[in-house]
Engineer: 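Below you'll find the structure I mean.
All chains are named by letter (A, B, ...) in the order of the sequence lines, taking the proteins before the strands, and each is independently numbered beginning at 1. All values derive from a computational prediction rather than experimental measurement.
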Amino acid sequence: MVRAAPIPGKPIQIKVFPSRLLQPETAEKLLNEIDQVKGVIRMLVGGKNLPRKVTCGPGTGSDVNHPNREVIHVGDIAFELHVMVGEVIVEVEDESSKEELIRACERALPFPFEFKQGFFIKTKATLVDYGKYGFKSKDDESINLEDERMLGLIDPHANPESNLCIVAGEGK
Amino acid sequence: MAYKPQYYPGNTSVAKNRRKHMSDDVEKMRDISDEDLTALLGHRAPGADYPSTHPPLSEIGEPACPVREVVAPTPGAAAGDRIRYSQFADSMYNGPATPYWRSYHAAINFRGVDPGTLSGRQVNEMRERDMEEYTKRQAETEITDWGLSGLRGCTVHGHSLRLQEDGTMFDMLDRRRLEGGVIVSDKDQVGVPIDRKVNLGKPMSEAEAAKRTTIYRVDNVSFRSDKEVVEHVQKVWELRTKYGFVPKA
């Protein structure tokens, strides 16, 4: 991972909220369509958890084997879905990408969806981030993180390896 | 003139469906064999004897009691069955039943019932063979649409979520799913795999679910459109509020 400068310009955040929970094929199509949109900085995929094992009740420990826990391909990488996708939050560089983003969603989704602009992913480090990553040095009190675009994408305590994917090259 | 119970007011399809559920005047939609149902419930192996928690009442020799003479025990109680449960969750997207109406149906039409009515699920505890009879009734009739409902002993998450793309309610444990146009289940109600694939029949279409639902929704039949129901609810609210002050005559 390369060290990236803070996100330039005035990025905006969009939440795409389909009227149905997505099957892996539709989710893959949607993420790929969004990935093709010019100016996309990062995406946050949210949805309903698909556990590997039953976690409560008399069946605790049994394998679930949910058919929707599939490996999907987005851009040049593959990853396993841990959720049934219910929403995708997209951060784009500026307002000019909105129209293209709507068209990408319309191409991928066969049913209606909500398209909301707002503030959904944090852009500044908070106390827990400083607790996890610390300062850069004694003289530099900015957060000790190679790429600040990671902020808000995963819980600071989570393992980035299994929760974070870098889809495009270094320039993106 | 013979007494005819008046279960619920209203003239809309939702009010009529609520009356049907309460009076058990429901249409049978599918057949589920006793063995399949036992496997889905997961309390005992299909075909096995009912384990008992006490000897049959006829062997115990009950004390002289006028109430016991008047009230005949249910088959499960007479045999000394264990208390066991079944629990359903129903989608808010025009699911045919709601927890309240499952409880009404159970408590009005069956005996020895202990219904638990929660926001997103309804659990019913009864003697085992009585519980199986009651569950079969709910599972085979229009009270349950297996696409929009589920037999879920635990991990009931899904009733308030958007539906899946295939129109079924989300099930985190994948107990039942749509396969070839029918709903099949290969796990019991707590998510443990069973040795069979139970065919639960075709799910209702969107239009049919909207017709058979007991849920008032603004995008289907709105609560405010049923004046008689609104009047009834307001009357009940007024009377219980007044009674809260315990008015003395």
Engineer: Check whether any side-chain heavy atom of A:Val54 sits under 4.5 Å from a side-chain heavy atom of B:Val190, and report yes or no.
Structural biologist: no
Engineer: About how many Å separate CG of A:Asp63 and CG of B:Asp174, when rounded to the nearest 0.5 Å?
Structural biologist: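 One gets 12.5 Å once the value is rounded to the nearest 0.5 Å.
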Engineer: Please answer whether the main-chain N or O of A:Val64 pairs with a side-chain N or O of B:Lys187 as donor and acceptor at a distance below 3.5 Å.
Structural biologist: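 Pair found, side chain donor or acceptor close to backbone of A:Val64.
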Engineer: Which heavy atom in B:Gly191 sits nearest to a heavy atom in A:Ser62, and how many Å separate them?
Structural biologist: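 What the structure gives for the nearest pair is O-CB, 4.1 Å.
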Engineer: Determine whether more than 12 heavy atoms belonging to other residues, nucleotides or ligands lie under 6.0 Å from atom CZ of A:Arg52.
Structural biologist: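 At most 12 heavy atoms, drawn from other residues, nucleotides or ligands, come within 6.0 Å of this atom.
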Engineer: Under 4.0 Å between a Lys/Arg side-chain N and an Asp/Glu carboxylate O for B:Glu206 and A:Arg20?
Structural biologist: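 Looking at B:Glu206 and A:Arg20, the cut-off is met.
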Engineer: Checking heavy atoms, do the side chain of B:Asp188, its backbone, both or neither come under 4.5 Å from chain A?
Structural biologist: neither
Engineer: Of all the heavy-atom pairs spanning A:Gly86 and B:Arg162, show the shortest one and how long it is.
Structural biologist: O-NH1, 2.7 Å
Engineer: Under 3.5 Å, side chain of A:His66 to main-chain N/O of B:Asp171, donor-acceptor pair present?
Structural biologist: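 Answer holds: yes.
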Engineer: Can you find a heavy atom in the side chain of A:Lys48 that is under 4.5 Å from one in the side chain of B:Met172?
Structural biologist: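 Contact flag for A:Lys48/B:Met172 side chains = no.
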Engineer: May I ask you to test the A:Pro58-B:Val192 pair for a side-chain heavy-atom distance under 4.5 Å?
Structural biologist: no
Engineer: Is it true that, when you exclude B:Asp49 itself, more than 12 heavy atoms of the residues, nucleotides or ligands shown sit nearer than 6.0 Å to its CG?
Structural biologist: no
Engineer: Quick one: does B:Glu165's side chain get under 4.5 Å of A:Gln23's, heavy atoms only?
Structural biologist: yes
Engineer: With a 4.5 Å limit on heavy-atom distance, are the side chains of B:Phe170 and A:Asn68 in contact?
Structural biologist: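 No, every pair of side-chain atoms sits at 4.5 Å or beyond.
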Engineer: Atom CG of A:Asn65 and atom CG of B:Leu173: how far apart are they, to the nearest 0.5 Å?
Structural biologist: 11.5 Å
Engineer: Would you say NZ of B:Lys202 has more than 12 non-hydrogen atoms from neighbouring residues, nucleotides or ligands within 6.0 angstrom?
Structural biologist: no
Engineer: Within residues 95-111 of chain B, which positions have a heavy-atom distance to chain A below 4.5 Å?
Structural biologist: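 Those residues of residues 95-111 of chain B which would need a heavy atom under 4.5 Å from chain A do not exist here.
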